[in-house]
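Below is one structure, written out as structure tokens; comments come after it.
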Protein chains: 2
Amino acid sequence: MATRLALVDDDQNILTSVALALEAEGYEVDTYFDGEQALAGLMRRPAALAILDIKMPRMDGTELLGKIRQKSAMPVIFLTSKDDELDEALGLSLGADDYITKPFSQRLLLARIRAVLRRAGGQAPLSESNDTIAQGDLLLDPDRHLCSWKGDEVKLTVTEFLLLQALALRPGHVKSRDQLMDAAYGDDIFLEDRTIDSHIKRIRRKFRAHDNLFDRIETLYGIGYKYKPDA
Amino acid sequence: MATRLALVDDDQNILTSVALALEAEGYEVDTYFDGEQALAGLMRRPAALAILDIKMPRMDGTELLGKIRQKSAMPVIFLTSKDDELDEALGLSLGADDYITKPFSQRLLLARIRAVLRRAGGQAPLSESNDTIAQGDLLLDPDRHLCSWKGDEVKLTVTEFLLLQALALRPGHVKSRDQLMDAAYGDDIFLEDRTIDSHIKRIRRKFRAHDNLFDRIETLYGIGYKYKPDA
DNA sequence: AATCTCTGCCTCAATCCTGCCGCGATCCTG
DNA sequence: CAGGATCGCGGCAGGATTGAGGCAGAGATT
């Protein structure tokens with residue numbers, strides 16, 4: 001069930017350390033240290049995504065990408081050195097799905113991998129979906145920034161919308177305050193936990209203004225919040 | 001319950017001020033001022049996350065990271081000076097989870113710490129699994145923090161949930177109070193044995209409120225408890 | 001410039017959780 | 001069977017967590 005990634009780089013350090021990191025994230029990783037080896041390996045063990053260093057001896061990344069593209073539409077992410085931007089242009093025009101300049105953080109790499117895999121369509125885009133959410137009486141349309149409860153429009157601010165969206169995306173699933181913070185602001189912002197409570201309070205208040213029995217946002221003491229699905 | 005962080009920096013000012021800030025946030029912080037000391041300390045007091053300065057006398061951050069990686073997959077955040085980008089490349093491709101360039105805001109540091117811990121925590125769940133447990137009439141879904149008996153929802157607190165999960169994970173197997181304590185709190189906490197009894201009492205009571213014949217949690221005199229599987 | 005809105009956070013009171021104690025009942029061991 | 005160990009249960013008090021109101025600053029709007 002684990003997604004298999006192919007990692008190609010001639011620098012042994014990068015190869016092993018990045019592989020370790022990815023495996024820690026639950027991916028299976030096949031490592032190759034040059035293009036020819038990678039090409040051969042990919043025939044036998046196809047991967048969901050390939051991560052290629054551009055500069056490699058014997059067969060460089062762009063050439064490898066070309067060969068891969070002859071046989072498969074497998075998503076590809078390029079690794080490039082920071083200073084040679086030419087490579088980026090080259091790689092992308094050749095059909096890479098994304099690129100990352102060294103140095104890169106593990107966080108960035110993971111984000112790109114997830115994004116590319118998501119775009120590639122295999123996985124359910126649960127986290128970032130822009131789709132309308134219709135959970136019983138609740139309707140959330142991100143594109144129109146529209147929220148309604150039992151037909152009545154409920155005016156939410158951006159933050160409130162994002163939080164409710166995160167909750168309603170997986171009805172019944174518990175979200176910690178940290179997770180909600182991620183959903184509304186992203187990784188790099190730290191706020192008081194209790195700020196989430198404040199927003200939840202405001203969301204509840206707005207919904208109760210339309211339906212004073214509204215109780216779909218449940219508090220789980222010591223854990224977080226969840227959106228209760230229809231019974 | 002407090003998460004322990006390891007902070008390694010040769011600058012005493014940074015060491016103490018950052019440590020203070022982190023402690024104010026509720027973390028336990030072990031501080032070390034060089035790599036060797038840190039390595040020794042980490043053996044005895046393992047931390048959930050290490051924050052390493054890259055430039056240090058005797059053993060620098062990357063070297064320390066290497067040594068740490070030989071023994072553990074502990075998440076690591078690097079601190080780097082803004083001007084030497086080389087360090088970043090080196091550290092990150094070596095397997096650090098993230099990096100922060102000095103000077104950094106406390107807010108960013110906290111955000112990164114949380115993000116890394118979250119990722120790490122999700123990956124390596126302390127106990128056995130995050131899967132739903134379905135044992136006959138019992139249903140335990142950690143993601144939803146949902147517990148039901150014969151279809152009825154039974155509302156459990158976090159501690160109760162963890163204990164029941166530990167028991168139900170291996171139906172028929174005896175769990176000592178110590179083992180249950182580990183499952184619910186981790187192995188860093190000492191509590192009165194009888195406290196487990198109290199929780200078991202409350203779990204039983206809650207289940208009996210739905211089914212007064214409930215007797216699946218069996219007491220093994222002098223040993224512990226076990227969850228009785230279906231006959 | 002004068003509002004208005006959004007938002008993060010603070011305070012206070014109410015509620016919930018939990019560790020532990022004591023008592024009586026039960027269970028083993030010799 | 002007696003004595004001691006162990007356990008179930010009620011209850012309590014402190015601590016942790018949460019809901020609600022409110023406030024001030026930053027931006028946006030008028």
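To find a chain, count down the sequence lines: A is the first, B the second, and so on, and within it residues start at 1.
Residue B/Arg205 places at least one side-chain N or O under 4.0 Å from the OP1 or OP2 atom of D/dG10. Look at A/Arg208 and you'll find a side-chain N or O under 4.0 angstrom from OP1 or OP2 of D/dA20.
Although no hydrogens or angles enter the test, the distance criterion places a donor-acceptor pair under 3.5 Å between the side chain of B/Gln179 and the main chain of B/Ser176.
Residues B/Leu146 and B/Leu139 have side chains not in contact (no heavy-atom distance under 4.5 Å, counting atoms from C-beta outward). In this structure, the side chains of A/Val154 and A/Ser148 stay at 4.5 Å or more apart for every pair of heavy atoms.
Residue pairs satisfying the ring-ring contact (aromatic ring centres under 6.0 Å, His included) criterion with at least one member in residues 155-178 of chain A, sequence neighbours excluded, are listed as follows: A/His145-A/Phe161.
What separates CG of A/Leu220 from P of D/dG19 is a distance of 10 Å, to the nearest Å. Rounded to an integer number of Å, the gap from B/Ile203 CD1 to D/dC9 P is 13 Å. A/Asp197 places its CG atom 6 Å from the P atom of D/dG19, with the value rounded to the nearest Å. We find that CD1 of B/Ile223 is positioned 14 Å from C1' of D/dA5, with the value rounded to whole Å. Atom CZ in B/Arg204 sits roughly 10 Å away from atom P in D/dC7 (whole-Å rounding). Atom pair B/Ile189:CD1 and D/dA16:P shows a separation of 12 Å (rounding to whole Å applied). D/dC7 atom P lies 6 Å from atom OH of B/Tyr225, rounded to whole Å.
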At under 4.0 Å between heavy atoms, how does the protein contact nucleotides 8-20 of chain C? Give one character per nucleotide, 5' to 3', with B, S or -. BBB-----BSBBB
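Using a 4.0 Å heavy-atom cutoff across all strands shown, B/Ile217 reaches no nucleic acid atom at all.
None of B/Asp9, B/Leu22, B/Val8 except one satisfies the side chain to side chain contact (heavy atoms under 4.5 Å, CB included) rule with B/Ile51; the exception is B/Leu22.
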Side chains of residues 219-228 of chain B: which donor-acceptor partners sit under 3.5 Å, not counting sequence neighbours?
| from | atom 1 | to | atom 2 | distance (Å) |
| --- | --- | --- | --- | --- |
| B/Thr219 | OG1 | B/Arg204 | NH2 | 2.7 |
| B/Tyr225 | OH | B/Arg177 | NH2 | 3.4 |
| B/Tyr227 | OH | B/Arg216 | NH1 | 3.4 |

